[in-house]
Amino acid sequence: MKDIGEYRHREIEERWSRFWIEKAIYHVEKPDPKRKFSIVIPPPNVTGSLHMGHALNATLQDIIARWQRMKGRQVVWVPGFDHAGIATQYVVERQIQEEGKSRLELGREEFLKRVWEWVPRSREAIRTQFEKLGVSVDWKRERFTLDEGFSRAVRRAFRELYEAGLIYRGEYIVNWCPRDRTALSDLEVEHEEEKGKLWYIRYPLEDGSGYITVATTRPETMLGDTAVAVHPEDIRYKHLIGKRVRLPLVSWKRRTLSGEEVDELIPIIADERVKMEFGTGAVKVTPAHDPNDFEIGKDHKLPFVKVMDEGARMNENAGEFAGLDRYEARRRIVERLREEGLLEKEEDYVHSVGKCYRCKTVVEPMVSVQWFVRVTDPRIRSTSIKVVEEGLLEKEEREVHLQLAEVQGLTVTVPVVDDVSGHTKAVVVLSEGVEFLAGVREGELAYIYYPEGRKDILERAKELAYRFAEKGGFEFLIGLEGEFSVIRQGLETRIDRGKYLLVHEGGKLNLYDGDTLRHIQVIETGQARLEPAQKSIKVKVERKKSVLERKRQVFFIPEHWKKFYLDWMYNLKDWCISRQIWWGHRIPVWYCEDCRSVNVFTDDDFDRPYDKIIFNLIADGKIGNEFTPEEIEKVLKSPNFVHPEMTVLEFYKKFAFHKYHSTDMDANSLRLFFTQEANPVAMLTPGISTRGLYRYDPKTKRWRMVLRCKRCGSENLKQEEDVLDTWFSSALWPFGVFGWPENTEDIRSLYPTDLLVTGFDIIFFWVARMIMMGTYFMKDIPFSDVYVHALVRDEKGQKMSKTKGNVIDPLDIIEKYGADALRFTLAILTVQGRDIRLSEKRFEGYKHFANKIWNASRYILMNTPDDFLSRIPYMAQMRPEDRWILTRLNETAEAVNKALENYDFSKAAHAIYEFFWSDFCDWYIEMTKERVYRKAPEENEEERTRVEAERTTALYTLHYVLEKALRILHPFMPFITEEIWHRLPSADGETISLKEFPEKRQDEMFPEDAGKIERLREIVTAVRSLRSDLQIEPSKRLKAYYRTERRETKTLVEELKHHILNLARLEAFEEVSGKPEGTVSTFSGDLEIFLSVEGEVDIGRLKETYRRRREKVLSELERVNRKLSNENFLKKAPQEVVEKERRIKEELEEELMKIDRVLSILED
RNA sequence: AGGCGGGUAGCUCAGUCGGGAGAGCGCAGCCCUUACAAGGCUGAGGUCACGGGUUCGAGUCCCGUCCCGCCUACCA
């Protein structure tokens, strides 16, 4: 007997999260592709701390991961982080600014050093938070989008796309952030409504015949105007088309990007994109500073005049305004226009303004040269649409051989082995009556055994095999008519004689009715082997062609996100991937200064491991262009960033190349390598060629890796300064983490992944790009299910944000209420298609639930004798309440499994909550107290044995149910369940998280007993309710009587009387034929109950209750009567509905009668 | 402007196939009963946003209106 004290979540959670990591419980070294369940974490970026959205995301994934793992799948959940280019650079830049410096002063190399110093601190913080949440990820597989392997993969991806013509460099209008001094993709711009002004400006006609008025919100861009456009059908302006206007204020020559002079006399052009209704119907055209104008400018071959620099200051084209900030320039320009009488009017105007998602600076549309991925190319877009819209069908034809074995005296033994531990859980012995067995190899029906001469049975076997194959596949099936036995831990269970079909499918051994094919029960879960034996055998082989069809489709859950995704895909624009920042993957392009050609280098240009590694170090900026062997050694021997337990070199071998395992690189071997290569004598040494790849500079005493232009051989190369959009690397995540571009075992067994859980806000940023890159590079979808979860909002429905100050920090919640409570709360609030409104209060309720679990377990453990296990063989028969709780337990297992299959987290959580609290704690535990607390009489041996046997039964059931309930709860509340589970005497194994997830077992369903207990609950509640109305204190034991005309009710009451006495606090409950003196009556269904009361009681309240009940019954009766007196209803409604209504009517009438009787007595 | 989601108890939300309106929290009353006061028992509380339609029957399906939220586009 042990008292486990009170629930202390901090201690428990800390202990187990450490345990899971230290023991690497969730690491799977070599997953079996058939049983794997793979999932990659949406990499949280390294800048943020974990917010509620991350906590929700991680919780939902972990619930599915733990559940799948317990169901026998080998779950590989890969964690990691992304480097968040702009966001990280922004954070570090701010730190530097605080020191009074700028990144430009610091220089690229020094700046990156600072970032690398900062990133691990931030990353550690996030990792710790994940650990606190209890995520069951495989930390040994952790990756980073900027690690050595990913950097290499990114370069390879860039090269492949470039060589396929899917990446191009071009002059294009982009969203430019003048603060971060970089281009942004469309998705990185947030639009916000803002109050501004609309200025109407007069552009005088060249011939002096008047002017044309244009409207603008950004007057400063007028300096870059190269045309005025009107609609071709606009009668107001039709006559002006082709004429020219003089651009006001501009008296200087402006130049285009290529240096040509541009006149201040600009044409009036016609373009259908101009909206006649807007403004004046005439629009100024600034091709270099407006997306629309850019299009118009291109079509009309207008000159492009850029008037601002990278910091949005006016440039030399702005003449007298040059050097001014864009807003200052706007002010002055408006002023000047007003002075010159060219400002017609000024209106207040609300319009939406694009801002940088990171620093909130207003973006400036600007023409610049950028790199783009041609995602609109059918090779990318069409596939990405197809895999979501309808799926890609893949067909593979092959010849299969079906062995038909005619046998005599067939018997079969089927050992079932636990998925995780490998222990044999059960052996099914079929020693007679086996009719046939059919088995599958590599997804094809491979053999059928059948009795000699029984072609009919063979046909039946074939038919069943095809039917099950269609249903979802199976490993083998056995048809039998007879009885058989299942042996578990030396205990044999016989299954009654009958016609059965035993099917091993989806990691379960299922029993079906042989005729109706109704599912009877799961015999056992795990991997089953087939061991047939026979007296004689004759084998024939049947050959046939088989077409293997596989559908590759990505499913969005909830489904409506599919439309969201497709709409975007159909309106896709090319993806700007270059960013003018320093933190990220530098674009692997080297421009030839001599022949101007573009060279893309990757380590594929080299074939020796040394060259490859050195090239990667340079390209990653880990070493400079000039280096010494010692520097290389130092880098390679230093701890790796992602996995500090290994060196950089080891990381290269394990995670980047997946080979060269015996290669070592130190300063000496490098020096030798370089000198051999540089030494002309080496030319004479067979096997070593001098490629002149390395060159020594005796002055600096440093080596250099010489890259040459692939076209002209020039060494005069300059690497592109820009880096890639972070999402470019994130797009490679689902296969990059498994070792792409190498063809690794992990890729073969883990890609495509099974599930992606993410928020809708990054469907375009990330999900779509993963689908694009996944289908392009891997020729397969990156994941089959995408579960899109809600946004976490505050209690008022507003987004949580630091600036609003309404964030709830998951860490605070974990500290106060525990990670289990946090997880359970998030899960139970997760309803598809609805955002989560969160307030701190909500966590409290579910902490109470955790507490409840703890205390129920405490009760059980407190009353469990030390020799409990050895008493089990002597336990008494189970009682109805035992069988009832087993029934409810199995119903709950079924409900939770079903809900989780549909990603219905709320329903799953509700089911287990309801079961544990309302059924198990409130009723079952209370019912067991009678058996658990009963003192066994010392003197009476027989009686003592009986009482103890009864107690053992109660405890056995309590333990049995608790243990299974803990397993059901585990995916939701991993810590508390792990803790309690280890304290159970029956606990066997290292962790509950590798135990089997409960399934409904038909042999534990007892509907009859369940019905009895439900009825008992009603009766008890009726008595309690009466007591409450009479305001009798709960502790007082009262006498009561009952009367019923139904025999079954009487039997039930007599059988369960002890419960009624205990639960309703009665002294006695005797049958009477009429209402005894001094009692107050009530009823429950057909059962009349008389409660004896002493002295004066206040019956006012009771009367009130009954009057209310009477009215309710009356109104319901009215509804039912209305229905039943409607001829159409009787005629058209289904028979069972009509009968149901009739039944309801009878019940209501009976109830009304009873209420009236009670009331009339009360009135006396 | 277009699209999507939502409007059910005081609050937060479930509600399957169209067939007796549910849960949690909160509230009220009674109770420290040997797991738990972070608890037990009992109870009150609803014009299912509004209007129309389909139907024997509508919270559920259809149309319209009004609110709320989000997304996309335009915004000279």
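In what follows, chains are A, B, ... by sequence order, proteins preceding strands, each numbered from 1. Atoms considered below: every heavy atom in the structure, side chains included; atoms not considered: hydrogens, waters and symmetry mates.
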Identify whether any heavy atom of [X] sits under 4.0 Å from a base atom; if not, whether one sits that close to sugar-phosphate; answer base, sugar-phosphate or nothing.
{"X": "I860(A)", "answer": "nothing"}
{"X": "D922(A)", "answer": "sugar-phosphate"}
{"X": "R218(A)", "answer": "nothing"}
{"X": "R1108(A)", "answer": "sugar-phosphate"}
{"X": "E1141(A)", "answer": "sugar-phosphate"}
{"X": "Q1031(A)", "answer": "sugar-phosphate"}
{"X": "E277(A)", "answer": "nothing"}
{"X": "I925(A)", "answer": "base"}
{"X": "N1126(A)", "answer": "sugar-phosphate"}

Earlier contact from the 5' end, RNA chain B, for W199(A) and Y846(A):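 The answer here is Y846(A).
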Of F849(A) and V831(A), the one whose closest RNA chain B nucleotide lies more 5': V831(A)
Value in whole Å for how far the [atom2] atom of [N] lies from [atom1] of [X]:
{"X": "L1030(A)", "N": "rU42(B)", "atom1": "CG", "atom2": "P", "result": "15 Å"}
{"X": "F564(A)", "N": "rG2(B)", "atom1": "CZ", "atom2": "P", "result": "19 Å"}
{"X": "L829(A)", "N": "rA14(B)", "atom1": "CG", "atom2": "P", "result": "10 Å"}
{"X": "W917(A)", "N": "rC36(B)", "atom1": "CH2", "atom2": "C1'", "result": "9 Å"}
{"X": "F843(A)", "N": "rG24(B)", "atom1": "CZ", "atom2": "P", "result": "19 Å"}
{"X": "Y913(A)", "N": "rA14(B)", "atom1": "OH", "atom2": "C1'", "result": "14 Å"}
{"X": "E1149(A)", "N": "rG20(B)", "atom1": "CD", "atom2": "P", "result": "18 Å"}
{"X": "K841(A)", "N": "rC25(B)", "atom1": "NZ", "atom2": "P", "result": "11 Å"}

Can you tell me, in whole Å, how much space there is between the [atom1] of [N] and that of [M]?
{"N": "rC4(B)", "M": "rG10(B)", "atom1": "C1'", "answer": "30 Å"}
{"N": "rU60(B)", "M": "rG69(B)", "atom1": "C1'", "answer": "23 Å"}
{"N": "rA21(B)", "M": "rG46(B)", "atom1": "P", "answer": "14 Å"}
{"N": "rC70(B)", "M": "rC56(B)", "atom1": "P", "answer": "43 Å"}
{"N": "rG45(B)", "M": "rC25(B)", "atom1": "C1'", "answer": "14 Å"}
{"N": "rG18(B)", "M": "rG59(B)", "atom1": "P", "answer": "13 Å"}
{"N": "rC27(B)", "M": "rA38(B)", "atom1": "P", "answer": "14 Å"}
{"N": "rG15(B)", "M": "rU54(B)", "atom1": "P", "answer": "28 Å"}

Assess the pair [X] and [Y]: is the distance between their ring centroids shorter than 6.0 Å?
{"X": "F824(A)", "Y": "Y846(A)", "value": "yes"}
{"X": "F556(A)", "Y": "Y787(A)", "value": "no"}
{"X": "Y565(A)", "Y": "W561(A)", "value": "no"}

Would you say [N] has OP1 or OP2 under 4.0 Å from some side-chain N or O of [X]?
{"X": "S1025(A)", "N": "rC41(B)", "result": "no"}
{"X": "W561(A)", "N": "rC70(B)", "result": "no"}
{"X": "K1140(A)", "N": "rG20(B)", "result": "yes"}
{"X": "T1021(A)", "N": "rU42(B)", "result": "yes"}
{"X": "H848(A)", "N": "rG39(B)", "result": "yes"}

Salt bridge (Lys or Arg N to Asp or Glu O under 4.0 Å) evaluation trace for K847(A) with E844(A): CA-CA 5 Å; K847(A) 184 186 177 179; E844(A) 203 183 327; over 6 Å; no
Nucleotide nearest [X] (side chain, heavy atoms from C-beta), chosen from [options]:
{"X": "N855(A)", "options": "rC36(B), rG29(B), rG19(B)", "value": "rC36(B)"}
{"X": "R858(A)", "options": "rG29(B), rC56(B), rC36(B)", "value": "rC36(B)"}
{"X": "K847(A)", "options": "rA38(B), rG29(B), rA23(B)", "value": "rA38(B)"}
{"X": "R842(A)", "options": "rU42(B), rU12(B), rG20(B)", "value": "rU12(B)"}
{"X": "K1132(A)", "options": "rG20(B), rC41(B), rC56(B)", "value": "rC56(B)"}
{"X": "R1065(A)", "options": "rG57(B), rC71(B), rU33(B)", "value": "rU33(B)"}
{"X": "E1116(A)", "options": "rG20(B), rC71(B), rG29(B)", "value": "rG20(B)"}
{"X": "K907(A)", "options": "rU16(B), rC36(B), rC56(B)", "value": "rU16(B)"}
{"X": "R1119(A)", "options": "rA44(B), rG24(B), rG20(B)", "value": "rG20(B)"}

Base partner of [N], which must satisfy Watson-Crick or wobble distances under 3.5 Å:
{"N": "rU72(B)", "result": "rA1(B)"}
{"N": "rA49(B)", "result": "rU65(B)"}
{"N": "rU33(B)", "result": "none"}
{"N": "rG18(B)", "result": "none"}
{"N": "rG24(B)", "result": "rC11(B)"}

salt_bridge(R1109(A), E1151(A)) N-O dist < 4.0 Å: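 Judged by the 4.0 Å cut-off on N to carboxylate O distance, R1109(A) and E1151(A) do form a salt bridge.
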Electrostatic pair K1103(A)-D1029(A), nearest N-O below 4.0 angstrom: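 A salt bridge is absent here (no side-chain N lies under 4.0 Å from a carboxylate O).
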Mutual orientation of the aromatic rings belonging to W854(A) and Y7(A) [parallel < 30°, tilted 30-60°, perpendicular > 60°]: tilted
Residue pair P248(A) / R202(A), side-chain heavy-atom distance below 4.5 Å: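 Answer no - side chains too far apart.
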Base rC36(B) to side chain K852(A), donor-acceptor N/O within 3.5 Å cut-off: yes
Donor-acceptor pair between H300(A) and D271(A) side chains, under 3.5 angstrom: yes
K345(A) to Y200(A) six-membered ring, cation-pi geometry met (6.0 Å, 45°): yes
